[in-house]
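Keep in mind that what you see is a predicted model, and the values were worked out from it rather than measured. Residue numbers run from 1 in the order of the sequence given.
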Amino acid sequence: MAHKKEGIKEGCYGDEVREHILEFAANGGFEAIPEDEREEWFTRFKFWGLFHQRDGQESYFMMRLTNASGVLEPGQLRAIAEVARDYATGPVENPEFGNGWLDLTTRQSVQLHWIDLEDVPEIWETLESVGVHTRSSGGDTMRNISGCPLHGKAEEFVESGPLLERFEEELRGDDELANMPRKFNISVSGCTVGCAQDSINDIGFEPATKELAGEVVRGFNVRIGGGLGGRQPRAATPLDVFVRPENAYAVGRGFVELYHEYGGRQNRSKNRARFFAEDWGMEKIRETLQDEYVDFEMHTAGEDFRTEYTYNAGRPVEDGQHDHVGVGDQQDGRNYVGLSVPVGRLPADDAIELADLAAEYGSGEVRLTRRQNPVIVDVADDELEGLLAEPLLEEYPAEPSPFERGAMACTGTEFCSIALTETKGRMARMLRWFNKNIDLPDDVGKIKMHYSGCTADCGQAMTADIGLQGMRARKNGEMVEAFDIGVGGGVGEDPSFIDWVRQRVPADEAPGAIRNLLEAYAAHRECEAPAASRADGDSEARSTSGSQTEAVRGQTFRQWVDATAEEQLVEFCEPEETDFEAPYMTDGKQSWYPFAEAESPAASETPVSSDD
């Protein structure tokens, strides 16, 4: 029997939901929705990017935007920031971030909070006037399509922009495919560093070559069935298909249609494409695509570039690009400048200033990355020094600390109904504490630390050097917020997911555990001088401790984890109370807002859930 949400969607879903949202907004907003129909309408609203916030915050919504592969054209970031300033303000300020801000997401888009339903028509009008929309950004549908953030700007092996645009306009725009069994993620990477992270998407296109009719052809290999969440992560499996760029859309659409038709609609925890792919197997999926969904002969997989992947791959910085932070070369001779926004939260006034800087020093276009960071593009050489000297770049630097550079965090209990812990404010405080209290070797340019408030893993903890997932634990006789701590995740040639080394560590003891682990890494990792120095007999350049010289190159954190026994990692990651002041230890979602002592100002008097 189909899940009850399938009946809700059958009654009304997709494009037709928009008119109902506008009608509710015009007739009083939240209060216009019949109380006994709210669950159904909140399910439908998600397709148009409106998510009702958690218990105690009744009448307020999160709004998610959509912009394929993170491209914000000139004027779009400013419009989004002005909406955040004017409409995304709550009744109580966040003590870390204030009021009126936007969140950059791991799928290269933006989320706004504290939205009143009656303001949605004006917000849509403002955003859509500059080409930004919210359609298909949530719910059981194709979510924001991820791709190389710098496609069309930096060097690509295969041009990916046309395919990304076609997926956005023709596939996601097709209302006949709006109602999927569950959410569905598509990625396209045209570069050889792996920045679209095809291994954790439902279908991913990666650059490849194939000899066809005596000619070496550039195109894409196809992988399917990747994803995180529920402590059941899967790396996408090769479909053994190579497609020319002009045929890639048909294969992508074919798999979407196949999953739309045959994907399960009963058990929502098993409705994701990764379980469908396991159930059917690659051979059956490939044969069904060939027989029923594409009208050309598909070729077996070509030669990929996964051995060259460096994006969040746990490899040394000098091996290649591992994120988009810093100054880089564009193919037209200009530069891009990627900024670090710790945990992805950007106050509206700062976002407006960022938009102004992008227009002053570049073309006005801004790109968003999968690591919750913005990139200013099209900066000429003679403008670069001026941009890097701007005060805003002191707050969001192009050369951040290793901890800030590697940090990501999901929404957490601040707004999310399923999260178990507060995330963004706590992570921001931990980053400052790590900067002051942990000394890393000089050659360590980044520590990828991802924080998810629950096992849904929206913060992608499973793919981090150090992954944190929110839990609950009992300490001194009371229930407190806690972490599970895992190590050794990452994507690349051979994607791996973290191994858990500590579970249910109280939030005030977790920073100490992480410090102990990283100090052990610095002390015990293997290091060696470059080959030239060794050949010259320069024994002083060698080191096996955390004390490094410029000539020394040591194991990355992931390499060290792979080489270290699990029992040693557990021992190194010893929880410890420190001088870190851990906020919101005992909130447990009992209050309407983790930072407020007053009663909820929400319109409804619906009681707050006490379910952990």
For [range], pull every pair meeting salt bridge (Lys or Arg N to Asp or Glu O under 4.0 Å), keeping only residues two or more places apart or in separate chains.
range: residues 97-108; answer: Asp103-Arg345
range: residues 555-570; answer: none
range: residues 397-413; answer: Asp323-Arg405

Query - Lys475: salt bridge (charged side-chain N to carboxylate O under 4.0 Å, His left out) partners, not counting sequence neighbours - result: Asp508, Glu509, Glu577
Query - With sequence neighbours excluded, residues passing salt bridge (charged side-chain N to carboxylate O under 4.0 Å, His left out) with Arg272 - result: Asp202
Requested in this report: Show your working on side chain to side chain contact (heavy atoms under 4.5 Å, CB included) between Cys195 and His324 and close with a plain yes or no.
Outcome: CA-CA 9 Å; Cys195 59; His324 294 92; 3.6 Å; yes
Are [X] and [Y] packed together at the side-chain level, in the sense that at least one heavy-atom pair is separated by less than 4.5 angstrom?
X: Leu468; Y: Thr421; result: no
X: Trp592; Y: Gln57; result: yes
X: Ile447; Y: Ile438; result: no
X: Pro374; Y: Val341; result: yes

**Report entry** Stepwise salt bridge (Lys or Arg N to Asp or Glu O under 4.0 Å) test for Arg231 and Asp484
**Finding:** CA-CA 12 Å; Arg231 295 287 180 113; Asp484 283 357; 2.5 Å; yes
Heavy-atom pair of closest approach, residues [X] and [Y]:
X: Ala351; Y: Leu102; result: CB-CD2, 3.9 Å
X: Gln469; Y: Ala461; result: CG-CB, 3.9 Å
X: Ala81; Y: Ile352; result: CB-CG1, 3.5 Å
X: Pro233; Y: Met462; result: CG-CE, 3.4 Å
X: Thr413; Y: Ala419; result: CG2-O, 3.4 Å
X: Ala522; Y: Pro441; result: CB-CD, 3.8 Å

Please indicate whether [X] has more than 12 foreign heavy atoms, meaning atoms of other residues, nucleotides or ligands, lying under 6.0 Å from its [atom1].
X: Asp439; atom1: CG; result: no
X: Glu597; atom1: CD; result: no
X: Glu599; atom1: CD; result: no
X: Glu571; atom1: CD; result: no

Using only atom types and a distance under 3.5 Å, with no angle test, would you say the side chain of [X] pairs donor to acceptor with the backbone of [Y]?
X: Asp457; Y: Ser452; value: no
X: Arg426; Y: Pro583; value: yes
X: Arg315; Y: Tyr309; value: yes
X: Gln111; Y: Thr105; value: no
X: His52; Y: Ser59; value: yes
X: Asp499; Y: Val487; value: no
X: Arg367; Y: Cys148; value: no
X: Arg64; Y: Ser137; value: yes
X: Glu422; Y: Gly412; value: no
X: Tyr521; Y: Gln555; value: yes

Report task. Before giving the answer on side chain to side chain contact (heavy atoms under 4.5 Å, CB included), spell out for Gln372 and Thr106 the whole-Å C-alpha distance, their side-chain angles and the decisive distance to 0.1 Å. Result -> CA-CA 6 Å; Gln372 301 177 313; Thr106 58; 4.0 Å; yes
Identify, with sequence neighbours excluded, every residue that meets side chain to side chain donor-acceptor pair (under 3.5 Å) alongside [X].
X: Glu318; result: Arg553
X: Glu493; result: none
X: Arg306; result: Asp198, Glu206
X: Glu353; result: none

In terms of side-chain heavy atoms, does [X] have a donor or acceptor partner in [Y] at a distance below 3.5 Å?
X: Gln460; Y: Lys448; result: no
X: Asn435; Y: Ser401; result: yes
X: Trp101; Y: Asp350; result: no

Requested in this report: Write out all pairs satisfying ring pair (Phe, Tyr, Trp, His ring centres under 6.0 Å) with one or both partners inside residues 461-498, taking only residues at least two apart or from two chains.
Outcome: Tyr451-Phe483
Requested in this report: Any pair with a residue in residues 453-479 that passes ring pair (Phe, Tyr, Trp, His ring centres under 6.0 Å), sequence neighbours left out, goes on the list, sorted by first then second residue, please.
Outcome: none
Requested in this report: Look at the rings of Trp114 and Phe415 and say which category their plane angle falls in: under 30° parallel, 30 to 60° tilted, over 60° perpendicular.
Outcome: perpendicular
Query - Aromatic plane relationship, Tyr593 with Phe595 - under 30° parallel, 30 to 60° tilted, over 60° perpendicular - result: perpendicular
Query raised in the report: Out of curiosity, Thr66 OG1 to Asn144 CG, how far, rounded to the nearest 0.5 Å?
Result: 3.5 Å
Requested in this report: Report the distance from atom CZ of Phe403 to atom CE of Met430, rounding to the nearest 0.5 Å.
Outcome: 11.0 Å
**Report entry** Residue pair Tyr311, His322: steps toward the ring-ring contact (aromatic ring centres under 6.0 Å, His included) verdict
**Finding:** CA-CA 4 Å; Tyr311 192 88; His322 59 90; 8.2 Å; no
Report summary line: ring-ring contact (aromatic ring centres under 6.0 Å, His included) with His524: of Phe572, Phe557, Trp560, only one passes, and it is Phe572
Report task. In sequence, state the C-alpha distance, the side-chain angles, and the governing distance for Leu346 and Tyr396, and then conclude on side chain to side chain contact (heavy atoms under 4.5 Å, CB included). Result -> CA-CA 9 Å; Leu346 194 60; Tyr396 309 105; 3.6 Å; yes
Query raised in the report: Can a salt bridge be assigned to the pair Arg525 and Asp443 using a cut-off of 4.0 Å between side-chain N and carboxylate O?
Result: yes
Report task. Name all pairs fulfilling the side-chain hydrogen bond (donor to acceptor under 3.5 Å, both in side chains) condition that reach into residues 87-98, sequence neighbours left out, sorted by first residue then second. Result -> Tyr87-Glu122, Asn94-Glu414, Glu96-Arg432
Requested in this report: Show your reasoning for whether side chain to side chain contact (heavy atoms under 4.5 Å, CB included) applies to Leu387 and Asn335.
Outcome: CA-CA 11 Å; Leu387 173 59; Asn335 306 276; over 6 Å; no
